[in-house]
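Working notes, beginning with the structure itself.
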Amino acid sequence: MDFYERVRFVMNHIPYGKAATYGQIALLCGKPRNSRQVGYALNRRLGGKDLPAHRVVNASGYLSGAASFRTPDTQKKLLEAEGVIVDDENRVDLKRFGWHHALEDALEFREWFEQNGI
DNA sequence: TAGGTGACGCGGT
DNA sequence: CACCGCGCCACCT
């Protein structure tokens, strides 16, 4: 199984206007302890260059990867353009903008990986 | 081969 | 809440 292929697939399912955590992505990829690898993948742009990477924040809601975008405020701008509120501490309220339905898609994702040998 | 790193997360205080 | 320590794991050196 190719972890990065899974990351690409899952990333493309993060809803517009919502923020997913590294842990959620890792979990949906079938590797609940690989949250650090999700960050590694995005930082090195593994799995593709046109992913909605700005929608990924850490478990506390902080835009921990902001420094890896074009400019220090690029991620914040992209999120705000989708209606996501980012406070002056570069943090989003996951209660409001979190991807709360992620687990409900887990089965569908697992089957897709199965059928596509990923 | 051994050791260091980090877009992470959780549990304890 | 915030802060801290520790576990985690694919990748580099």
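Chain letters run A, B, ... following the sequence lines, proteins first and then strands; every chain starts at 1.
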Base of dC8(B) paired with side chain of Arg36(A) (donor-acceptor, under 3.5 Å): yes
Would you say that Lys76(A) contacts Asn90(A) through its side chain, given a criterion of any heavy-atom pair below 4.5 Å between the two side chains? yes
Hey, does [X] reach any base, or is it just sugar-phosphate, or nothing, if we go heavy atoms under 4.0 Å?
X        : result
Tyr4(A)  : sugar-phosphate
Asn43(A) : base
Tyr40(A) : sugar-phosphate
Ser68(A) : base

Rounded off to whole Å, could you give me the [atom1]-to-[atom2] distance for the [X] and [N] pair?
X        : N       : atom1 : atom2 : value
Leu42(A) : dA10(C) : CG    : P     : 16 Å
Leu46(A) : dC9(C)  : CG    : C1'   : 15 Å
Asn58(A) : dC10(B) : CG    : C1'   : 13 Å
Asn90(A) : dA7(B)  : CG    : P     : 14 Å
Gln24(A) : dA7(B)  : CD    : C1'   : 15 Å
Ile25(A) : dG9(B)  : CD1   : C1'   : 15 Å

Given the ring of Tyr22(A), does Arg36(A) sit roughly above its face, with NZ or CZ under 6.0 Å from the centre of the six-membered ring and within 45° of the axis? no
When Watson-Crick pairs (N1 to N3 and N6-O4 or O6-N4) and G-U wobble pairs (N1-O2 and O6-N3) count only below 3.5 Å on both distances, what is the dot-bracket string of DNA chain C, with | for other-strand pairs? .||||||.|||||
Closest nucleotide among [options] to the [X] side chain:
X        : options                  : value
Gln37(A) : dG6(B), dA2(C), dC8(B)   : dG6(B)
Ala53(A) : dC12(C), dC11(C), dA7(B) : dA7(B)
Arg91(A) : dA2(C), dC8(B), dA10(C)  : dA2(C)
Asn34(A) : dA7(B), dA10(C), dG9(B)  : dA10(C)

Do the side-chain N or O atoms of [X] get closer than 4.0 angstrom to the phosphate oxygens (OP1, OP2) of [N]?
X        : N      : answer
Arg45(A) : dA7(B) : no
Tyr22(A) : dC9(C) : no
Ser35(A) : dA7(B) : no

Is there a chain of hydrophobic side chains (I, L, V, M, F, W, Y, each step under 4.5 Å between heavy atoms) that links [X] to [Y]?
X         : Y        : answer
Ile118(A) : Met11(A) : yes
Tyr4(A)   : Val10(A) : yes
Phe69(A)  : Leu63(A) : no

Gap separating the CZ atom of Arg55(A) from the CD atom of Gln75(A), nearest 0.5 angstrom: 11.5 Å
Using the ring of each side chain (for Trp, its six-membered ring), is Phe9(A) parallel, tilted or perpendicular to Phe109(A), with breaks at 30° and 60°? perpendicular
Identify, between Arg44(A) and Arg33(A), the residue whose nearest nucleotide on DNA chain C lies closer to the 5' end. Arg33(A)
Closest-nucleotide 5' rank along DNA chain C - winner of Lys31(A) and Tyr62(A): Tyr62(A)
For Leu94(A) and Ala59(A), which heavy atoms make the closest approach, and how far apart are they? CD1-O, 3.5 Å
